[in-house]
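Structure record follows, encoded as structure tokens.
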There are 2 protein chains.
Amino acid sequence: MAAPPASSWRDEGQPPGEVDRLYLEIFDAVIDQRLRPGVKLTEAVLCDAFACSRSTVRAALAQLQHDKIVELQPNRGAFVAQPDIKETRDVFEARRMVEAAILDKLLSLPDLPDRLQQLWQMVRQERAAFERQDRVSWIRLSNAFHVQLVRLAENEVLTELMNSLCSRTSLIIALYDKPGCSACSFDEHEQILQQLSRGDRQGAQHAMRQHLQDCEERMHFADRNVPDPWTMFHRQL
Amino acid sequence: MAAPPASSWRDEGQPPGEVDRLYLEIFDAVIDQRLRPGVKLTEAVLCDAFACSRSTVRAALAQLQHDKIVELQPNRGAFVAQPDIKETRDVFEARRMVEAAILDKLLSLPDLPDRLQQLWQMVRQERAAFERQDRVSWIRLSNAFHVQLVRLAENEVLTELMNSLCSRTSLIIALYDKPGCSACSFDEHEQILQQLSRGDRQGAQHAMRQHLQDCEERMHFADRNVPDPWTMFHRQL
DNA sequence: TTCCAAAATATTGTTGACAATTATCGACAG
DNA sequence: CTGTCGATAATTGTCAACAATATTTTGGAA
């Protein structure tokens with residue numbers, strides 16, 4: 001078995017083709033904020049950085065555009081997406097709806113406490129990453145928490161949806177979150193788990209809604225983290 | 001203004017590029033059930049049928065794969081997707097969650113009755129299509145109703161999600177619905193609108209959930225509409 | 001110095017060709 | 001007649017070259 005890839009929370013399909021590999025590489029780079037929103041993704045550069053042909057790069061970029069991770073301007077090139085205020089509102093509203101509804105279903109599962117075990121574990125990892133100032137791991141784990149929670153419902157459609165929403169949230173945080181304060185705190189994750197464990201439907205839903213609300217309100221649209229045009233991309237593995 | 005394209009319910013972006021055009025052509029063909037689930041989409045054939053290069057075809061197919069409209073098997077080719085029982089369950093469950101949650105939000109809009117006007121109009125068109133046995137238009141309008149309803153909430157993320165879910169539903173219907181009975185009846189659409197008009201939250205949510213439940217239960221997995229391997233694709237415009 | 005136009009450069013869009021993999025068909029042994 | 005093996009054909013994955021478009025630089029005049 002190969003070493004677990006950087007993002008262990010994404011469901012890994014069959015043997016990854018060349019284009020899939022590139023897709024994941026760029027995707028991870030964006031989510032980890034090594035590629036900041038707004039930077040231009042010149043095909044030749046990616047081509048050179050990942051040792052593949054331009055057709056491969058173009059295919060990967062097309063998929064990323066479809067995921068709203070990059071914006072593809074005709075005849076101008078690809079840029080890491082810069083979600084605006086409206087998109088931020090829409091993404092968080094969708095998350096509140098979906099994740100609250102999910103909790104409802106989870107509480108109907110007979111073996112919920114067992115399944116929550118791994119999530120408690122995950123929150124501990126979040127705390128550890130936070131305390132050792134490992135921002136990249138921490139963002140990744142924060143997303144993983146939400147995705148993993150949805151995954152308990154065993155609904156592929158919703159799981160993939162949450163994956164997409166979390167990715168877009170990462171971009172939003174990269175743009176509008178102050179580096180100092182934490183956008184998605186593990187305390188609140190713990191609270192949600194507690195409410196779930198004791199079977200409190202109202203409490204769990206409220207905790208989740210509040211958590212996402214807080215997350216959204218921590219965004220500062222006034223002075224956004226402007227992308228540095230000179231921050232060119234180079235592979236840093 | 002150009003003549004309205006076949007699918008008027010999809011949000012049309014800026015000038016469509018070559019790949020977008022192909023994407024829509026194939027998409028519509030699948031939704032309209034001119035391309036049945038399971039048929040192989042050979043690149044050269046599409047290439048020839050739509051008068052474009054293979055790179056364009058490949059890009060379009062990649063996007064369609066991402067939307068779960070076609071399945072892309074490595075080194076084997078593209079096939080129109082054949083959602084299984086599990087996927088059917090997941091899609092309908094997701095729809096129940098999302099669409100019920102949407103109703104909640106719609107009822108908080110002050111000018112809801114005004115916005116519902118166009119939906120009443122749409123239901124009338126559904127009935128008309130049904131009565132003149134126009135199955136293609138009718139399936140299209142049924143989808144349009146649900147998408148348009150979500151669109152009233154003015155949330156791009158949810159609108160695109162519903163678009164995707166309705167597309168997948170079309171595939172499911174193509175596979176598992178008996179041609180005789182109607183999967184998504186306009187009567188039930190009317191009921192939902194009525195409950196919404198009178199501001200009955202419980203009633204509207206129940207009507208929507210029941211509608212989707214009925215829709216799902218009308219699927220027959222035993223004898224599925226097996227794809228005819230000899231049914232090769234040729235453009236029929 | 002500042003502004004504008006035009007050449008020069010860089011980047012993207014498209015096409016075609018080649019390599020790698022898979023599907024098909026026929027021969028042949030059991 | 002059935003099933004397996006091997007060669008041929010068809011299809012996909014990848015790459016490199018060319019055309020079209022955008023960006024930058026250069027040069028000159030107000």
Side-chain angles (χ1 to χ4, degrees), chain A residues 12-26 29-30 35 38-67 69-82 227-235, chain B residues 13-26 30 35 38-67 69-82 227-235:
Chain A
E12 43 223 285
Q14 51 265 37
E18 199 68 4
V19 42
D20 291 327
R21 181 181 68 93
L22 193 53
Y23 172 88
L24 293 181
E25 294 258 22
I26 300 178
V30 171
L35 263 52
V39 298
K40 179 169 164 67
L41 300 173
T42 304
E43 296 180 359
V45 175
L46 295 170
C47 204
D48 170 62
F50 294 108
C52 61
S53 182
R54 270 186 58 214
S55 52
T56 308
V57 171
R58 288 177 67 82
L61 288 178
Q63 302 235 358
L64 288 164
Q65 174 192 38
H66 199 271
D67 291 341
I69 300 300
V70 312
E71 186 184 356
L72 218 55
Q73 299 180 20
N75 283 320
R76 293 218 33 222
F79 303 81
V80 178
Q82 303 188 74
D228 186 359
W230 294 277
T231 300
M232 203 46 227
F233 165 71
H234 67 280
R235 192 177 187 181
Chain B
Q14 48 266 34
E18 200 68 3
V19 41
D20 290 327
R21 181 180 70 91
L22 193 53
Y23 172 88
L24 292 182
E25 294 257 21
I26 301 179
V30 171
L35 264 51
V39 299
K40 179 167 163 69
L41 300 174
T42 305
E43 294 180 359
V45 175
L46 295 170
C47 206
D48 170 61
F50 294 107
C52 61
S53 181
R54 265 186 63 212
S55 52
T56 308
V57 171
R58 288 179 65 83
L61 288 178
Q63 302 234 357
L64 288 165
Q65 174 192 38
H66 201 273
D67 292 341
I69 299 301
V70 312
E71 185 184 355
L72 218 53
Q73 299 180 22
N75 284 317
R76 293 218 30 223
F79 303 82
V80 178
Q82 303 189 71
D228 186 359
W230 293 276
T231 301
M232 203 46 226
F233 164 71
H234 67 279
R235 193 175 187 182

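All of these numbers come straight from a predicted model, not from anything done at the bench. So you know, we letter chains A, B, ... as the sequences are listed, proteins then strands, and number each from 1.
- Every residue two or more places apart in sequence or in another chain that forms a side-chain contact (heavy atoms from CB on, under 4.5 Å) with A:Val30 is listed here: A:Ile26, A:Leu35, A:Ile69, A:Val80, A:Leu171.
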**OP:** Report, as a single string ordered 5' to 3', how protein heavy atoms within less than 4.0 Å touch nucleotides 13-22 of chain C: B base, S sugar-phosphate only, - not at all.
**Re:** BBB-B---SS
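- On the nucleic acid side, DNA chain D has its first and last nucleotide under 4.0 Å of a heavy atom of chain A at D:dT14 to D:dT23, going 5' to 3'.
- The two atoms that bring A:Arg76 and A:Lys40 nearest to each other are O-NZ, 2.7 Å, heavy atoms only.
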Run the side-chain donor-acceptor check on residues 46-55 of chain B: report pairs under 3.5 Å with partners two or more places apart or on a different chain.
from, atom 1, to, atom 2, distance (Å)
B:Arg54, NE, B:Glu43, OE1, 2.9
B:Arg54, NH2, B:Glu43, OE1, 3.1

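- For A:Ala62 against A:Leu72, the heavy-atom pair with the smallest separation is CA-CD2, 4.4 Å.
- With sequence neighbours excluded, no residue forms a side chain to side chain donor-acceptor pair (under 3.5 Å) with B:Asn75.
- The salt bridge (charged side-chain N to carboxylate O under 4.0 Å, His left out) search around A:Glu71 returns none, not counting sequence neighbours.
- Between A:Tyr23 and A:Thr56, the closest side-chain pair of non-hydrogen atoms is not below 4.5 Å.
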